[in-house]
Amino acid sequence: MARNVLKVGRFYINPQQQLLLDENKNEIALEAKVQEILFYLFDNRDRYVSLEELHENVWSGRIVSDSAVRRTISKLRKLFDDNGEEAEYIKSVVKKGYKFVCDVEVEEEKEEESQLPKKKFRIKWKKIFYSFLYIAFVSLFLFVANTTIFKIETLVQEHVLAITRNLKTGDYAYIGYSPGDARYQLFYRPDGTKDDELLTFSHDPLLSPIFIDNKIWAGWQGINSCGLLKVDVKTKKQSRITLDCLALVHMSMINNHEFLITMKPRNSDIYQAYKFEIKDGKITPINDSKMEMPFIASLSSDENILAMVYPHLRGSTLRLLDLKNNLQINKNDIPERVIQLRWQDSSLKFATESSLYKLNNNTGTLDNFDVRSNYYLTTKIIDFSIYAGKVQVLHEEDKKATQYLNTYNDYSGILELSNTVFLDSHMLPVLNDESVIIDHQPSGYVLKNRNDQKVLAASKNMIRVLTSTDNNDIVIFNNGHVDIINRTTGTLQYRLDIQSDVKQALVVPNESALWLITLSPVGWQTLQWNYKENKASAVSLHERMRFFIDKNLFWVDSRDGIIKSKNDLGEVISLSDPLRLSSDSLWILGKDNYLWFTESQSYGTDIYKIKVGSEKSANVELRIRGLFNISLNGRNQLILQLEQQPQSLLSSSFRLISL
C-alpha cells in the first residue's frame, strides 16, 4: 500500500501526519500555531480563510489580537520565503483573508514491502549508488567543516511505556513517549550503567520491546498498517517489516529463535496469536487462539502452554491452553485488568495495575507474590520484567505523575526490594556526578540527593546550582543570596546576600573563597567571597566568565567578547575572535580545552563551540528551543536542561550529548 506525499513548491507535505518536509523530505520543526495555521489553510485551499475563522478554529475562540495571528502567518511566510504580492504559497487579500495558492502535486511514497513471505533477492543498483554518494558527501562535509557528530545518549522521558531485559546480559530496552513532539522512542541501556542510548524514534506507536541476542524487536502500529521493527544495538542498523495486519496488540518472547505476536489480520474481525520465526520471517497462526476482542498472550518456552488474557466488564479472564493435547486446562477470572504476562521457566507470572501474581502449577490457583514495600494505593504498575532471579517493576504514582523502576530479589517467590530508580522527567541533574537533582514540583523547585531523595533546599523559584566547594558542599544562588549547603544534610553553612545576578561561581585555589561572576545595573563584575569570614570584595571588572587551563587563568572580556589571558610578563593577550554573546549567554568548559557557550535568538538558542587558543572561529553546533541551562557530567557529556516541552528535535527535560 502507498501513501501520498504532496509536493508543494520546494517543499513536501504529509497530510496524514501533518508534517512539513524540506526538499530532501526531512521533517521541518514548526511552532505549534504555525503548524496548525499551515494545515488549516492547506485543508481549505479552495477558498480564502478570514482572520475570524482562524481565531475560531486555530485558537479555539480564545481571545488573541489580530496582530498575533498575522505574526504567526508572517513566520510561516518567512519559512516559505514568500514576498508580498508575489506570494508563491500564501496569498492575502484585504477583506477576504488568506489562501494557500501553491500548486499541489501528488507523489507516491511506497512503504517498505513486507518481508513475509520472503521474496527473490534483487540487487538495487540505484539505491546502492545513492547510498555511496550520500556517504561520500557526508564524509567530505565533515572533513571540510570539522563539525562535531552529536550522539544522543540519555533522554529522560515524559512517560516510559514498556521495559524489558536481555535474559543473557541483563541489558535494558524500554520505550518512552515524548509529548512535546509526539514521538515514541526506543532506548537501550547496558546492564550496570546509567548510559541510555536512543536507538530510534517513530511517530507511529511502538510497543512490546523484546531482546533476541544483540537485537531488539518491537512492534509498530500505523494508521492502516502495522509490523515489526528490528534494531541491532551494536551497529545501530534497523529495518522494518510490514505485516498483513491492521492492529498489533502484543508481543512476547518464546525463545531465541521465535516470538509470539497477537494481531488482527487485514480484512478480518478476529484477533489471533501467531508464532514469528526470526531466521526466515515465517509467521504461523496458533490454533484455538482466535478472539473477537484484543488480547495479550504468552507461550511457554517448551511451546506447550499458551496463556491468553482478555478484558471483561469486571476485570480480565486468564485462559491456559494445552496446545499439545488441544485442551483448555485452566480459566481464571481476575477482578483487575492484566497488563503483562511473563513465563519464567515453566511458571507463569503476570501483573495487574496494582499487583503481581503467579500461577500455582499444582493447584491452578493464583498466588499473590507482591510484597512491595514502597508503593501507595495510588501507585499503578506499568510493566514488569524478569531476569536472573530478579523482578523489575515499572511504577507510576498518579498524583505526582512520577515514575520509578523497582528491582526486587526473588527468593522462592518472595520479593525483597533491592533498588529504586526514579524516572521523573522534571528531575534535572545539576552536578558532574549527577548525584544531585532538581525536582520540579507543582509547589516549586526542590534540590535533593538522587540516591536517598534527601531534600537539600526548596524554593518557589528555580534554584541555580553554581558549583561545589573543596569540602564537597553545594553552592547555590536563590532569591538574592548565595548559599553554601551541606551536601548530605542540607544544612546551611554560609550565606551571602547580594543584589546582583550571580552567573558563575569558581573555587579560589588554596583559599576558603569563591569567585562570583555577577551582572548588575552597573555592568559585569567579579567578586571574591571569603565565606568563612563572610567578606566580599571586588576583584575585576568586565569579565563574563573565568576558567583555568593548566593552572593558568583565562576570562572572557564583556566589552569585546574575546577570550583573554596573561603571558609570562603579565601582559594581557587575546586568544580568540569576538564571541557572539548575549546578556543571558551560558557557558561551560569541556575537556581538551573546548569552550561551549550559548546565544539567544528569536527562534531559540544557538550553542557554539570553540577550542581555547586556536585560530578557528566558534561554530554553531546545535539549535534548541526552551533551553534553561547547560552543564557537563563526569563523562564529558553536555547536559541540556529544558524548562518546557518545545516542538523541536530535542523535546524532553534533558539530554546527554557526547562531545
Side-chain angles (χ1 to χ4, degrees), residues 2-62 64-111 130 133-134 137-138 141 145 180-183 203 223 600-606 620 622-625 646-651:
R3 61 184 181 185
N4 290 333
V5 177
L6 307 178
K7 190 174 188 304
V8 289
R10 304 182 303 279
F11 299 87
Y12 292 87
I13 280 181
N14 184 326
Q16 288 81 19
Q17 296 183 348
Q18 291 209 327
L19 298 178
L20 179 65
L21 313 175
D22 62 18
E23 61 270 18
N24 298 316
K25 297 187 179 179
N26 297 316
E27 180 183 342
I28 298 175
L30 300 175
E31 294 180 15
K33 291 304 178 187
V34 174
Q35 183 181 28
E36 291 180 41
I37 281 186
L38 167 62
F39 283 95
Y40 191 83
L41 294 177
F42 180 79
D43 292 340
N44 296 277
R45 57 187 180 275
D46 58 332
R47 61 185 178 86
Y48 283 93
V49 176
S50 66
L51 279 173
E52 292 75 13
E53 186 175 346
L54 291 175
H55 274 288
E56 184 65 31
N57 292 278
V58 177
W59 274 267
S60 301
R62 185 166 58 89
V64 294
S65 64
D66 289 348
S67 60
V69 180
R70 292 191 179 98
R71 281 196 301 270
T72 306
I73 295 175
S74 178
K75 291 180 181 179
L76 185 58
R77 283 178 154 174
K78 186 175 181 181
L79 176 66
F80 286 139
D81 199 23
D82 265 354
N83 182 21
E85 298 178 354
E86 301 176 359
E88 179 184 354
Y89 294 87
I90 297 174
K91 185 177 180 180
S92 62
V93 175
V94 178
K95 296 184 179 181
K96 281 190 175 183
Y98 300 90
K99 182 179 180 182
F100 192 93
V101 295
C102 186
D103 292 336
V104 177
E105 302 176 19
V106 178
E107 287 197 1
E108 297 243 328
E109 182 183 30
K110 294 185 178 180
E111 292 183 351
Y130 282 113
L133 186 63
Y134 174 76
F137 171 77
V138 171
F141 176 79
D181 49 12
R183 287 179 175 177
H203 289 287
I223 297 177
S600 297
Q601 303 283 3
S602 59
Y603 48 76
T605 303
D606 288 339
V620 176
L622 192 63
R623 237 158 223 172
I624 183 65
R625 301 181 197 174
Q647 297 282 341
S648 66
L649 173 63
L650 300 182
S651 62

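All residue numbers refer to positions in the sequence shown, counting from 1.
- Minimum heavy-atom separation, F39 to L20: CZ-N, 4.3 Å.
- Looking at heavy atoms from C-beta onward, L54 lies in side-chain contact with I73 at the 4.5 angstrom threshold.
- The shortest heavy-atom contact between E88 and V101 is O-CG2, 3.7 Å.
- When V49, L76, I37 are each tested for a side chain to side chain contact (heavy atoms under 4.5 Å, CB included) with I90, only one passes: L76.
- Counting heavy atoms from C-beta outward, V104 and F42 have side chains that approach closer than 4.5 Å.
- Of all non-hydrogen atoms in R45 and K99, the two that sit nearest each other are O-CE, 3.2 Å.
- A donor-acceptor contact shorter than 3.5 Å is absent between the side chain of R77 and the backbone of S74.
- A distance-only check finds a donor-acceptor pair linking the side chain of K7 to the backbone of G9 [under 3.5 Å].
- Of all the heavy atoms in C102 and V8, the pair that sits closest is SG-C, 3.6 Å.
- Closest non-hydrogen pair, L41 versus F100, comes out as O-CB, 3.6 Å.
- R70 places a side-chain heavy atom less than 4.5 Å from the side chain of Y98.
- Distance CZ/F11 to CG/L21: 10.5 Å, rounded to 0.5 Å.
- Between the CG atom in L38 and the OG1 atom in T72 there is a gap of 12.5 Å [rounded to 0.5 Å].
- Environment of CG in D103: sparse, with no more than 12 heavy atoms of neighbouring residues, nucleotides or ligands closer than 6.0 Å.
- A donor-acceptor pair under 3.5 Å is formed between the side chain of R10 and the backbone N or O of F80.
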